[in-house]
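Following: one structure in structure tokens, then a few remarks.
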Protein chains: 2
Amino acid sequence: MTTSHKAKQTRLSAGRDAEATKAQILDAAEQEFAIAGLTAARTEAIAAQTGVTKTMIYYYFKDKEALYQEVINRALINPLNQIAQLQLEKQPPSQALEQFARFFLQQMSQRPNIASMLFLEAIQNQGKYYPKASIEQLYGMLTKILADGIAQGVFRSLEPRHTAVNIVGTCVFYLAAHENIKHLWKGKRMLSKAMLEEHAEEAINFIKAGVLLNQ
Amino acid sequence: MTTSHKAKQTRLSAGRDAEATKAQILDAAEQEFAIAGLTAARTEAIAAQTGVTKTMIYYYFKDKEALYQEVINRALINPLNQIAQLQLEKQPPSQALEQFARFFLQQMSQRPNIASMLFLEAIQNQGKYYPKASIEQLYGMLTKILADGIAQGVFRSLEPRHTAVNIVGTCVFYLAAHENIKHLWKGKRMLSKAMLEEHAEEAINFIKAGVLLNQ
DNA sequence: GTCTATAACCTGATAGAC
DNA sequence: GTCTATCAGGTTATAGAC
């Protein structure tokens with residue numbers, strides 16, 4: 001909170017700059033938590049990747065658990081707020097669905113770590129650290145769009161909650177499981193910009209086709 | 001390997017019965033690995049759930065890693081062999097796809113742990129412990145069905161590999177993320193037989209609609 | 001703000017008795 | 001086959017110097 005004279009210094013080994021160091025720790029922690037999860041994550045690894053010593057983690061955060069909580073909050077709250085601002089409820093269902101999917105895919109593609117991290121959190125800690133109501137907000141928007149679409153006769157007769165889950169799964173599985181299936185695209189990097197765009201297009205087409213009423 | 005006089009004794013605290021104890025350890029390990037992953041899994045927890053002491057794990061398996069490998073093999077090889085026996089390549093694409101999905105969903109629903117475990121393995125260890133070619137076998141079958149369906153004009157114009165990933169994701173996401181989304185079905189158990197059947201039906205409808213050509 | 005110890009604890013793995 | 005120690009190594013978290 002000191003009036004820092006160094007305006008912006010995002011690079012590694014930023015020297016003595018509280019905000020920069022804290023941000024670096026959060027980024028490194030996100031990376032580590034995304035492949036290890038809370039328990040298996042090593043504070044040593046986070047520190048090494050940040051370029052400072054373990055001590056700094058405890059200087060800026062109460063403990064590993066608190067750091068984890070802050071990383072999760074940061075990862076979830078921002079994207080969700082942005083989606084809420086799209087005001088999808090004011091658009092016709094099929095358009096709202098496409099926009100939702102496109103935006104959600106874009107958010108997740110920007111930081112593929114997040115998808116993995118949220119999976120790990122669900123599996124390992126039963127979602128204990130999720131900010132309350134975030135998940136409900138996400139699925140609430142989707143189920144509403146789907147229910148509206150059915151009522152208006154543009155979507156086929158489907159169960160909104162199950163379908164919402166299937167839609168989110170379609171958006172996220174590619175990212176979370178990419179280490180699982182990289183052999184399918186021998187050579188190509190699955191998280192490259194081009195491949196992520198390809199995934200987004202295919203996912204959107206799959207979702208739209210899966211939901212729209214045949215006529 | 002001693003000629004055991006006790007034919008079958010699957011219950012807990014089976015006493016001195018090598019095969020029973022070993023099987024119990026494998027089951028408990030699957031459970032533990034499915035929520036913790038290799039690194040975060042505790043041999044103590046596996047032993048406790050089995051009803052014997054940690055020592056037994058090292059009596060029957062070289063180390064934690066070897067136990068993990070055996071659990072993964074057991075989980076993957078069996079289901080895949082069974083799917084291969086369906087001889088889907090001899091059926092028309094849309095029928096083959098539905099049968100694949102139905103069978104795969106059934107397999108995964110029987111042991112929801114497996115879905116979580118494979119996810120964790122992909123995220124945490126980059127699939128290092130997968131039996132070589134298992135994944136390729138699974139996705140190979142799916143992409144072939146999809147390519148055939150496009151060639152025959154029954155499936156829409158889609159990218160087979162991406163769509164294969166989306167299909168698997170649709171089957172598996174519900175299971176792997178169920179702790180994430182249980183609030184959506186307040187009260188109901190998401191892994192109950194009825195709910196799993198509901199999921200299977202919705203997933204199959206979603207997949208078929210997402211793939212079939214509108215006409 | 002950042003570092004170098006170091007305390008206190010946990011966990012994988014083994015030795016040896018029964 | 002199964003158990004009771006027990007060791008060696010690793011990990012979180014803190015104390016105290018700079």
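Within every chain, numbering begins at 1; the chains are lettered A, B, ... in the order of the sequence lines, protein sequences first and strands thereafter.
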Whole-Å distance between [N] [atom2] and [X] [atom1]?
X: Tyr68(A); N: dT12(D); atom1: OH; atom2: C1'; answer: 17 Å
X: Phe61(A); N: dG1(C); atom1: CZ; atom2: C1'; answer: 14 Å
X: Lys22(B); N: dT2(D); atom1: NZ; atom2: C1'; answer: 17 Å

- Note on the structure: Given protein heavy atoms under 4.0 Å, the one-letter contact record of nucleotides 3-18 of chain C, with B base, S sugar-phosphate only and - none, is simply BB------SBBBB---

- Message: Is the distance from the ring center of Phe173(A) to that of Phe119(A) below 6.0 Å?
- Response: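 Distance test on ring centres: not under 6.0 Å, no.
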
- Query: Is the phosphate of dG1(D), meaning OP1 or OP2, less than 4.0 Å from a side-chain N or O of Thr21(B)?
  - Reply: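 No, Thr21(B) has no side-chain N/O under 4.0 Å of OP1/OP2 on dG1(D).
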
- Under 4.0 Å between a side-chain N or O of Tyr59(A) and OP1 or OP2 of dT14(D)?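 No.
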
- Remember a base hit wins even if backbone is also touched, and classify Tyr60(A) as base, sugar-phosphate or nothing at under 4.0 Å, heavy atoms.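 Sugar-phosphate only.
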
- Ser109(A) side, atom OG; Ile114(A) side, atom CD1 - distance, nearest 0.5 Å: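 Result: 11.0 Å between the selected atoms.
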
- Message: My understanding is that only one of Lys22(B), Arg74(B), Gln49(B) makes a side-chain hydrogen bond (donor to acceptor under 3.5 Å, both in side chains) with Asp27(B); could you say which?
- Response: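 Only one of Lys22(B), Arg74(B), Gln49(B) forms a side-chain hydrogen bond (donor to acceptor under 3.5 Å, both in side chains) with Asp27(B), namely Arg74(B).
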
- Query: Should the pair Phe33(B) and Tyr68(B) be assigned to parallel (<30°), tilted (30 to 60°) or perpendicular (>60°) ring geometry?
  - Reply: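 Correct class here is perpendicular.
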
- Message: Run the salt bridge (Lys or Arg N to Asp or Glu O under 4.0 Å) test against Glu179(A) and tell me which residues pass, sequence neighbours left out.
- Response: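 Result, salt bridge (Lys or Arg N to Asp or Glu O under 4.0 Å) vs Glu179(A): Lys182(A).
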
- Item | Inter- and intrachain pairs under ring-ring contact (aromatic ring centres under 6.0 Å, His included), touching residues 39-60 of chain A, at least two apart |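 Sorted pair list comes back empty.
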
